[in-house]
> 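Can you keep this structure in mind? I'll have questions shortly.
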Amino acid sequence: MIDVAELQPRAALAPQAAAPMAKEIFTLKKQLNAVILAHNYQVPEIQDVADFVGDSLGLAQQAAKTSADVIVFCGVHFMAETAKILNPEKIVVLPDRDAGCSLEESCPAPALAKLQATNPNFWTIAYINCSAAVKALCDVIVTSGNAERIVNAAPKDRDLLFVPDENLGQWVMEQTGRQMTLWKGNCYAHVEFQRERVLAAKIQFPDAKIVVHPESLRAVRALADAVCSTEKMIAYCQTSPARRFVIVTESGIIHRLRKECPGKEFLCAPVFNTLQLPTDHCRCSECKFMKLNTLEKVRDCMKNLAPRVELPAEIIQRARRPIERMLEISARPMENAG
Ligand code: 13P
Ligand code: SF4
């Protein structure tokens, strides 16, 4: 039997501590003409000061159309880089420079270039969770929210190479029927979800819908009522007649789900606690990179206009094309998706 306490996400910063800092952030936002973009995995108090909270696709779309002078990107480094690539003339800051990603780490640009050199017919599709240098080597970028659509639109006469998430790549192959060569990277947080624990949750809560992120393992996806990006999870839970959901992704998403789906119950899927540590200290359903950001660091990066994302002009120029291709395909009416 799963301890339900284990299924609860980390508590938010006490409102009395968050309120004065939030006020400072709103003042700085006005002074700087800044926009605050936050990923669905950010802590509640950061989500609550953001102008837009969303998935990687929504955040890239917001970054592409913002008229702000300063972009404060509360997520991880590759997301802030994407905002900079789309806005080379703007200042892009992030709360913690060390907010990386295990998928990005798994795929260094020189190793990708070496693999690409083995087949001139490769057409490279990169999940947005990669460095700007990797994006610069690719034909198109995808997010979990549009990967299926973009792979369906890929040229039929090319050999598809999908980097760096093997699990998302497998899922997209299952959805589209397109064969792809897959890079062997993974999200260290999502592969912590194991079939046995999710199955136990399903048995304990038979009325609950199981909602799984496609970065999860195939055996876990097989238990899902819905496999989708974090933004689509919100829409699924809003429209589903079910009252209870087990959410198999990073626990930060629970804040929005509770706000936007009142009267419904959300449980974080349990993970294997491989180190046998008390769950108060080992919250494996939290991404340690996303959770480096705090409200205090958001305020400080706005005060100091640092850390800033800076990229070589040549990388910006080459990485921009596959991102713009993604945004263009995503904006097409569904019947012309290709
Ligand atoms: P989405 O919010 O785009 O589904 O991405 C999940 C993720 O792991 C981002 O790092
Ligand atoms: Fe990367 Fe996974 Fe963290 Fe997302 S949740 S930033 S994919 S390590």
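Order of appearance sets the numbers: ligands from 1, and atoms from 1 within every ligand.
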> Just let me know how Asn40 lines up against ligand 1, side chain, backbone, both or neither, with a heavy-atom cut-off below 4.0 Å.
neither

> Given Ala189, Ser144, Ala147, Gly145, which has its nearest heavy atom closest to atom 4 (O) of ligand 1?
Ser144

> Specify the protein heavy atom at minimum distance from atom 10 (O) of ligand 1: its residue, its atom name, and the distance to 0.1 Å.
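Among all protein heavy atoms, the one nearest atom 10 (O) of ligand 1 is Asn129 ND2, 3.2 Å.
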
> Considering heavy atoms of the protein only, find what lies nearest to atom 2 (O) of ligand 1 and give residue, atom and distance to 0.1 Å.
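Here the closest protein heavy atom is Thr230 OG1, 2.5 Å.
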
> Where's the contact between Glu215 and ligand 2, heavy-atom distance under 4.0 Å: side chain, backbone, both or neither?
side chain

> Closest non-hydrogen protein atom to atom 3 (Fe) of ligand 2, residue and atom name please, with distance?
Cys287 SG, 2.3 Å

> Counting heavy atoms only, which part of Glu215 comes closer than 4.0 Å to ligand 1: side chain, backbone, both or neither?
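Contact part for Glu215 vs ligand 1: side chain (C-beta onward).
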
> Of the backbone and side-chain N, O or S atoms of Cys187, does one lie nearer to atom 1 (Fe) of ligand 2 than 2.8 Å?
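No.
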
> Give me the nearest non-hydrogen protein atom to atom 1 (Fe) of ligand 2 as residue plus atom name, then the distance to 0.1 Å.
Cys101 SG, 2.4 Å

> As an exercise, state the distance from CD1 of Ile128 to SG of Cys138, rounded to the nearest 0.5 Å.
11.5 Å

> Just by distance, with hydrogens left out, do Tyr41 and Thr249 show a side-chain donor and acceptor under 3.5 Å apart?
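Note: Tyr41 and Thr249 side chains meet the donor-acceptor criterion.
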
> Select one of side chain, backbone, both or neither to describe which atoms of Asp55 lie under 4.0 Å from any atom of ligand 1, heavy atoms only.
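Looking at Asp55 and ligand 1, atoms from backbone and side chain both fall under 4.0 Å.
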
> Is the count of non-hydrogen atoms from other residues, nucleotides or ligands lying under 6.0 Å from Lys23 atom NZ greater than 12?
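It does not: Lys23 NZ has 12 such atoms or fewer within range.
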
> Could you find the nearest protein heavy atom to atom 7 (S) of ligand 2 and give me its residue, atom name and distance?
Asn129 ND2, 3.1 Å

> For ligand 1, which atoms sit closer than 4.0 Å to a heavy atom of His213?
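So the atoms of ligand 1 that pass are 1 (P), 4 (O), 5 (O), 6 (C).
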
